[in-house]
Trainee: 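Encoded as structure tokens, here's the structure I'll be asking about.
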Amino acid sequence: MNAEIERRIGDNIRRLRQEANMTQETLSAKLQLAGCDITRSAVAKIEVGQRHLYPDEVVLIKQILNTTYDEIFNLE
């Protein structure tokens, strides 16, 4: 995947997480409770575009942050 696209998606996830008043630690804990083995460090790397997202992570992030795929993947 293109590094610029990954960075923008990471920016979107960070913004959505902050709008939900959620820390990286809380998001990773909620993902873990939903069955996704992810650390706070991995969430941080996703938010800066240094780690790829897996499809199951995207689905759970969408649910946890109560958002849409359009919001997560908005590249504008």
Side-chain angles (χ1 to χ4, degrees):
M1 190 181 253
N2 179 297
E4 177 64 19
I5 291 172
E6 288 188 7
R7 188 191 57 77
R8 287 185 183 187
I9 292 170
D11 286 344
N12 293 341
I13 290 171
R14 179 177 50 252
R15 178 182 49 78
L16 293 163
R17 177 184 56 74
Q18 290 172 337
E19 287 174 1
N21 294 314
M22 194 176 298
T23 64
Q24 291 175 343
E25 186 68 38
T26 301
L27 178 56
S28 69
K30 288 179 180 271
L31 286 163
Q32 289 170 11
L33 287 172
C36 185
D37 186 23
I38 190 169
T39 63
R40 187 220 46 89
S41 176
V43 170
K45 288 178 181 178
I46 288 168
E47 289 184 354
V48 296
Q50 292 180 346
R51 181 185 174 280
H52 298 295
L53 273 165
Y54 294 99
D56 59 329
E57 294 170 343
V58 176
V59 170
L60 291 173
I61 288 170
K62 175 191 170 290
Q63 292 170 355
I64 292 167
L65 296 179
N66 193 31
T67 190
T68 65
Y69 293 116
D70 288 341
E71 286 285 331
I72 292 172
F73 292 109
N74 181 8
L75 299 178
E76 296 177 11

Trainee: Quick one: does Ile9's side chain get under 4.5 Å of Val58's, heavy atoms only?
Mentor: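 No - every pair of side-chain heavy atoms lies 4.5 Å or more apart.
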Trainee: If you define the side chain from C-beta out and look only at heavy atoms, does anything of Ile61 sit under 4.5 Å from Leu53?
Mentor: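 Yes. Closest side-chain heavy atoms under 4.5 Å.
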Trainee: What's the shortest heavy-atom distance between Asn74 and Glu76, and which atoms?
Mentor: OD1-N, 3.0 Å
Trainee: Rounded to the nearest 0.5 Å, how far does CD of Glu4 lie from CD of Glu6?
Mentor: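 One gets 10.5 Å once the value is rounded to the nearest 0.5 Å.
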Trainee: Taking a hydrophobic cluster as the set of Ile, Leu, Val, Met, Phe, Trp and Tyr residues connected by side-chain heavy atoms closer than 4.5 Å, whether directly or through intermediates, do Ile72 and Leu75 fall within one such cluster?
Mentor: yes
Trainee: Do Leu27 and Tyr54 sit in the same hydrophobic cluster, where Ile, Leu, Val, Met, Phe, Trp and Tyr count as joined when their side-chain heavy atoms come under 4.5 Å apart?
Mentor: no
Trainee: Taking the side chain as every heavy atom from C-beta outward, state whether Val48 and Arg14 have any atom pair closer than 4.5 Å.
Mentor: yes
Trainee: Would Phe73 and Thr68 satisfy side chain to side chain contact (heavy atoms under 4.5 Å, CB included), going step by step from the backbone distance to the final call?
Mentor: CA-CA 9 Å; Phe73 292 109; Thr68 65; over 6 Å; no
Trainee: Any idea which heavy atoms bring Ile13 and Leu65 closest together, and the distance?
Mentor: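 Closest approach of Ile13 to Leu65: O-CD1, 4.2 Å.
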Trainee: Taking the side chain as every heavy atom from C-beta outward, state whether Asn12 and Arg15 have any pair of such atoms under 4.5 Å apart.
Mentor: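 A side-chain contact under 4.5 Å exists here.
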Trainee: In chain order, what residues pass the side-chain contact (heavy atoms from CB on, under 4.5 Å) check against Arg40, with sequence neighbours excluded?
Mentor: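 Gln24, Glu25, Ser28, Ala44.
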Trainee: Do the non-hydrogen side-chain atoms of Met22 and Ile64 ever get within less than 4.5 Å of each other?
Mentor: yes
Trainee: Out of curiosity, Lys62 NZ to Leu16 CG, how far, rounded to the nearest 0.5 Å?
Mentor: 12.0 Å
Trainee: Would you indicate whether Lys30, at its atom NZ, is surrounded by more than 12 heavy atoms from other residues, nucleotides or ligands within a distance under 6.0 Å?
Mentor: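 Incorrect, the count does not exceed 12.
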Trainee: Report yes if the side chains of Glu57 and Ile46 come closer than 4.5 Å at any heavy-atom pair, otherwise no.
Mentor: yes
Trainee: Do any N or O atoms from the side chain of Arg51 and from the backbone of Lys45 form a donor-acceptor pair under 3.5 angstrom?
Mentor: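 No, Arg51 side chain to Lys45 backbone: no donor-acceptor pair under 3.5 Å.
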Trainee: Does a salt bridge link Arg7 with Asp11, judged by any charged N lying under 4.0 Å from a carboxylate O?
Mentor: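 Salt bridge flag = yes for Asp11 with Arg7.
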